Amino acid sequence: MRWWAVGWTVAVVVVLAGCGASQGGGPAGGASQGGNSAGPSAGTPTPTSAGPSAGPTGGSPSVSATAPSASAQSCAAGHAEVTVSPGDAVERRLCVRPGTVVSLVLRPRTDDKRWTAVRSSAPVFVLASGWRVDPEGTARASLRCAGTRAGAAEVTALAKAPDVAGAARVAFTLHVSVVPYPAGR
């Protein structure tokens, strides 16, 4: 087996184990991941029409889901929304079921940088599409998760000052784990 295949295998196992480690805490299980997710990690979906939900620390908006999620496994299913506002953590983790569509909303930045692109480290597991930046600076992307495969991907959002030469830099990273349904379903 090639060295990079072993590396990816180890990385996927670690990510999947990390997603499973937050299951035991009930509604507070998501707080073990830095308090950066609400909604799906709590096992109870919240409608997106109610707006973004506050995280368990009472801080910034985080994740909400509109389809039933497997409460025992604390992973989002169907549709989930991740909203990133200025001052939020630069990294988040999200556990989803196969076939889930995640709406990524990046609020306007307070510095002089603008959102420029979203990239996925593994498009076979999480495919970024539908990228657009609204006139007020809010960026949106649709992340389509694999329908039948389990795996992990890092989705990075790039930002750059419009009047400065050079490449855009990573300003936000979403670690997405696609976890299959339990065998008894």
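Predicted model only: the values in this text are computed from it and were never measured.
- Taking all atoms of both residues into account, the shortest heavy-atom contact from Pro86 to Thr110 is CB-CG2, 3.6 Å.
- Residues Ser142 and Val101 meet the side-chain proximity criterion, which asks for heavy atoms closer than 4.5 Å.
- Note on Val170 and Leu174: separate hydrophobic clusters, where clusters join Ile, Leu, Val, Met, Phe, Trp and Tyr whose side-chain heavy atoms are under 4.5 Å apart, directly or indirectly.
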Exercise for review: Please lay out, stage by stage, how Cys75 and Val96 fare under the test side chain to side chain contact (heavy atoms under 4.5 Å, CB included).
Suggested key: CA-CA 5 Å; Cys75 291; Val96 297; 5.7 Å; no

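- Summarising the geometry, atom OG1 belonging to Thr173 is positioned 10.0 Å from atom CZ belonging to Arg93; distances are rounded to the nearest 0.5 Å.
- Atoms NZ and CZ, on Lys113 and Arg169 in that order, are 7.5 Å from each other to the nearest 0.5 Å.
- A donor-acceptor contact under 3.5 angstrom links the side chains of Ser103 and His79, judged on distance only.
- No more than 12 heavy atoms of other residues, nucleotides or ligands lie within 6.0 Å of CZ in Arg144, so this atom counts as exposed by the packing criterion.
- Across every non-hydrogen atom of Arg149 and Pro98, the tightest pair is O-CG, 4.4 Å.
- Taking CG from Leu94 and CD from Glu81, the interatomic distance works out to 12.0 Å, rounded to the nearest 0.5 Å.
- Taking all atoms of both residues into account, the shortest heavy-atom contact from Val118 to Ala128 is CG1-CB, 4.0 Å.
- Note: Cys95 SG to His175 NE2 = 14.0 Å, rounded to the nearest 0.5 Å.
- A cation-pi arrangement is absent between Arg140 and Trp131 under the rule of less than 6.0 angstrom and at most 45 degrees off the ring axis.
- Note that the OG1 atom of Thr116 and the CG atom of Leu158 stand 4.5 Å from one another [nearest 0.5 Å].
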Practice item. Please report the C-alpha distance between Val105 and Thr138 in whole Å, then the side-chain angles of each, then the deciding distance to 0.1 Å, and finally whether the side chain to side chain contact (heavy atoms under 4.5 Å, CB included) criterion is met. Key: CA-CA 7 Å; Val105 180; Thr138 299; 3.8 Å; yes

Review point. Between Thr156 and Phe172, does a side chain to side chain contact (heavy atoms under 4.5 Å, CB included) hold up when you go through it step by step?
Key: CA-CA 6 Å; Thr156 55; Phe172 175 73; over 6 Å; no

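- Separation of atoms CG (Leu143) and OG (Ser129) is listed at 7.5 Å; rounding is to 0.5 Å.
- Annotation: cation-pi pair Arg97/Tyr181 present, NZ/CZ under 6.0 Å from the ring centroid and within 45° of its normal.
- What you find for Thr83 and Asp88 is that their closest heavy atoms are O-OD2, 3.8 Å.
- Looking at every heavy atom in both residues, Ser120 comes nearest to Val126 through OG-O, 2.6 Å.
- Here the side chain of Arg114 pairs a donor or acceptor atom with the backbone of Asp112 at under 3.5 angstrom.
- Here the closest heavy-atom approach between residue Trp115 and residue Ala159 is recorded as CE3-CB, 4.1 Å.
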